Amino acid sequence: MIYICSMEKKVRVRFAPSPTGGLHLGGVRTVLFNYLFAKKHGGDFIVRIEDTDQTRFVEGAEAYIFNTLAWCGLTPDESPLHGGPYAPYRQSERKASYKQYADQLVNAGFAYYAFDTPEDLEQMRAQYKTDENPSPQYNHLLRTKMRNSITLSEAEVAALLAAGTPHVVRIKMPLDETVSFTDMIRGEVSFNTSQVDDKVLLKADGMPTYHLAVVVDDYLMKITHAFRGEEWLPSAPVHILLWKYLGWSAEMPEWAHLPLILKPDGNGKLSKRDGDRLGFPVFAMDWTDPKTGEKTTGFKERGFLPQAFVNLLALLGWNDGTDNEVFTIDELIAAFSMERVHKGGAKFNYEKALWYNQEWIKRATAADLADQVAETLAAAGTTASNREVLLRVIDLVKERCTLMADFVTQGSFFFMSPSEFDTASIQPKWTDQKNMFFIELSKAFESSIVWEAHDLEKTFKEIAAAHDLKPGELMLPLRIMLVGGKFGPGVFDIAAIIGKEETVNRIQKVLSILEHN
RNA sequence: GGCCGGUUCGUCUAUCGGUUAGGACAGCCCCCUUUCACGGGGCAAAGACGGGUUCGAUUCCCGUACCGGCUACCA
């Protein structure tokens, strides 16, 4: 027998989000693994919007998803936004195409109509709930006790259908069969069909559930590899069976169930709440819930570089087998392989995330950072109009910034005089002698012809010696005069950049503050 | 409860039968630095447990424990 090897087919993967809110870490990582795998194999990355639940529709969520992908630089080859040969890419717009497959399954005896109302189901669950079985399933046992085309006569079913009675289509899980498949990450996984319930395939409103839609669309869109979170593992047998019942087994994609991203403390899936509670972002970008108005901050607005965000996500559950942890997207594409994705979930570590961002800021050139830094500064009320100066400042301070916002504290004083001076740190040891020194220093600076760090330091030391003072006890006062506080790069580098006039002004300003205290 | 999955330093992880079990983040110490960082050096820190298989198991198998996921006309 000749098989068409999947390696000969063009790789096509899809990310299929439900537009119900902000995109969280785990979601972006799923996108990333899809993207890396596709690009690694010269394939296509498709985004398909799974908006089959009309009750959960959230305004703006879809646009948010695309904005996030754009920020991360993970551009889809096909999507509702980018178009493509298999449009539409929104399941709500594909609604009409699902019913025929549901009917096909019913006609073949693999699925059936169920007329139970939500109240009926609720009652059933209440009735059969016991301590041993806290959540009774609509399965091979219970379906015989419900109102469906298995328990009802053919005539009754026909009459109900003709009367337009609301109904769903459910898969008829076979009794005691073993369904197994090879997961790219976990190897062989198998299930006994008696343990799986009769999932709804087509809802009463005519929309498919995820179970039907994912199979139909993956087939129609010629998806070759299906990656999703581990939470989908339990429903995999339903999907495998559907591929089989629809007669598409030969084209079924390879599956990979990605490990979950866990909360840093305790256990369990990472949620938005954990971020709020522990003080770090969980969403990629800011998200405001249109209904509640609740705002959630994202990694972007928190001051992360997209390269760092992508990098840290890739290394959460994957590594290339070496000690290398910092990768560009191109390096990730080159190094990526599903075989090296972990099975176990990973607790999210915000400290490590900060480290990645700092690494990326350190490695970026001043020119790379300039626009963003200027923007960050502007948002904080500081105008950096001179690009030349801005570049010098960035080079001087970037290794002390872990978040973009750090450029505000580390960089503002280059462009405007500090609004506050930490004089409390120098006051106790302040003397007339020091006062005299700074008066003379400011005069000397004022009459300087050259204005470079090296010369300024030389002048500073000469005058200090003349006053019989150690440079060490004068450095901190000078720093506070120029910076406002005990931080920042070398004082003379700072003086060199802010210029003669500003340097002298700041020295005199603090001198007068000290005098009045 | 049932089903499925997972388990190496506090955290992320390397190891694809033989290693002093390696690296990174965080922590601590030292050096560099007349601030804060960066950088350099060092310390401390791990195979859940019990059985097998094997000359030899962190690695392969089984059981137990623990953790997680799922158990909707949600994805």
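Treat the numbers as computed from the prediction; the structure is a model and nothing was measured. In what follows, every chain begins at residue 1, and chains take the letters A, B, ... in the order their sequences are listed.
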Inset, instruction - For B/A48 versus B/G40, give the span between their C1' atoms, rounded off to a whole number of Å. - result: 38 Å

I'd like a table of atom pairs between the protein and nucleotides 58-65 of chain B - only N or O on both sides, under 3.5 Å - with the distance next to each one.
none

Inset, instruction - For B/C29 versus B/G68, give the span between their P atoms, rounded off to a whole number of Å. - result: 35 Å

Legend entry - Euclidean distance for P, B/C43 against B/C25 (whole angstrom): 16 Å

Anything under 3.5 Å between a protein N or O and an N or O of nucleotides 36-40 of chain B, put it in a table, one pair a line.
from: B/C36; atom 1: O4'; to: A/Lys486; atom 2: O; distance (Å): 3.4
from: B/C36; atom 1: O2; to: A/Arg400; atom 2: NH1; distance (Å): 2.2
from: B/C36; atom 1: N3; to: A/Arg400; atom 2: NH1; distance (Å): 2.3
from: B/A37; atom 1: O2'; to: A/Glu399; atom 2: O; distance (Å): 2.9
from: B/C38; atom 1: O3'; to: A/Lys362; atom 2: NZ; distance (Å): 3.4
from: B/G39; atom 1: OP1; to: A/Lys362; atom 2: NZ; distance (Å): 2.9

Legend entry - Touch class at under 4.0 angstrom, heavy-atom based, for A/Val168 against every strand present: base

Inset, instruction - Go through the side-chain N and O atoms of A/Asp274 and A/Ser271 and say whether any donor and acceptor fall under 3.5 Å apart. - result: yes

Inset, instruction - Give A/Ser190 one of three labels, base, sugar-phosphate or nothing, depending on what nucleic acid heavy atoms sit under 4.0 Å from its own. - result: sugar-phosphate

Legend entry - Lys/Arg-Asp/Glu bridge criterion (N-O < 4.0 Å) met for A/Asp218, A/Arg48: yes

Legend entry - Pair A/Asp217 + A/Arg14: basic N to acidic O under 4.0 Å: no

Inset, instruction - Not counting sequence neighbours, which residues clear salt bridge (Lys or Arg N to Asp or Glu O under 4.0 Å) with A/Asp103? List them please. - result: A/Lys99

Inset, instruction - Quick one: label A/Val189 by what it contacts on the DNA or RNA (base, sugar-phosphate, nothing), any heavy atom closer than 4.0 Å. - result: sugar-phosphate

Inset, instruction - Could you tell me whether A/Ser135 contacts a base, only the sugar-phosphate backbone, or nothing, with contacts defined as non-hydrogen atoms closer than 4.0 Å? - result: base

Inset, instruction - Looking at every strand, decide which applies to A/Leu315 at a 4.0 Å heavy-atom threshold: base, sugar-phosphate, or nothing. - result: sugar-phosphate

Legend entry - Any donor-acceptor N or O pair under 3.5 Å, side chains A/Asp406, A/Thr409: no

Inset, instruction - Give every residue pair that meets the side chain to side chain donor-acceptor pair (under 3.5 Å) criterion with at least one member in residues 193-208 of chain A, sequence neighbours excluded. - result: A/Tyr112-A/Asp198, A/Arg143-A/Asp198, A/Asn192-A/Ser194, A/Asp197-A/Lys199

Legend entry - Separation of the P atoms in B/A45 and B/U53, to the nearest angstrom: 34 Å

Inset, instruction - With a 4.0 Å heavy-atom cut-off, tell me which residues in residues 340-348 of chain A come close to RNA chain B, sorted by residue number. - result: A/Arg340, A/His342, A/Lys343, A/Gly344, A/Ala346, A/Lys347

Inset, instruction - Answer yes or no: is there an ion pair linking A/Arg125 with A/Glu122, defined by an N-O contact shorter than 4.0 Å? - result: no

Legend entry - Closest to side chain of A/Gln137, choosing from B/G5, B/A75, B/U71: B/U71

Legend entry - Residue closer to the 5' end of RNA chain B, A/Ala16 versus A/Glu230 (nearest nucleotide): A/Glu230

Legend entry - Residues in contact with RNA chain B, drawn from residues 170-183 of chain A - heavy-atom cutoff 4.0 Å: A/Arg170

Inset, instruction - Indicate the ring-plane relationship of A/Phe280 and A/Phe348, choosing parallel, tilted or perpendicular according to the 30° and 60° boundaries. - result: tilted

Inset, instruction - Using the C1' atom on both, measure B/U11 against B/U59 and round to a whole Å. - result: 23 Å

Inset, instruction - May I ask you to say what A/Thr52 touches in the nucleic acid, namely base, sugar-phosphate or nothing, with a heavy-atom cut-off under 4.0 Å? - result: sugar-phosphate

Inset, instruction - Compute both the distance and the angle, then confirm whether A/Arg400 meets the cation-pi test with A/Phe487: under 6.0 Å from the six-membered ring centre, within 45 degrees of the axis. - result: no

Legend entry - Interatomic distance where CD belongs to A/Gln123 and P belongs to B/C73 [whole Å]: 15 Å

Inset, instruction - Quick one: label A/Pro118 by what it contacts on the DNA or RNA (base, sugar-phosphate, nothing), any heavy atom closer than 4.0 Å. - result: base

Legend entry - Closest-nucleotide ordering on RNA chain B, the 5'-leading residue of A/Gly317 and A/Arg479: A/Gly317

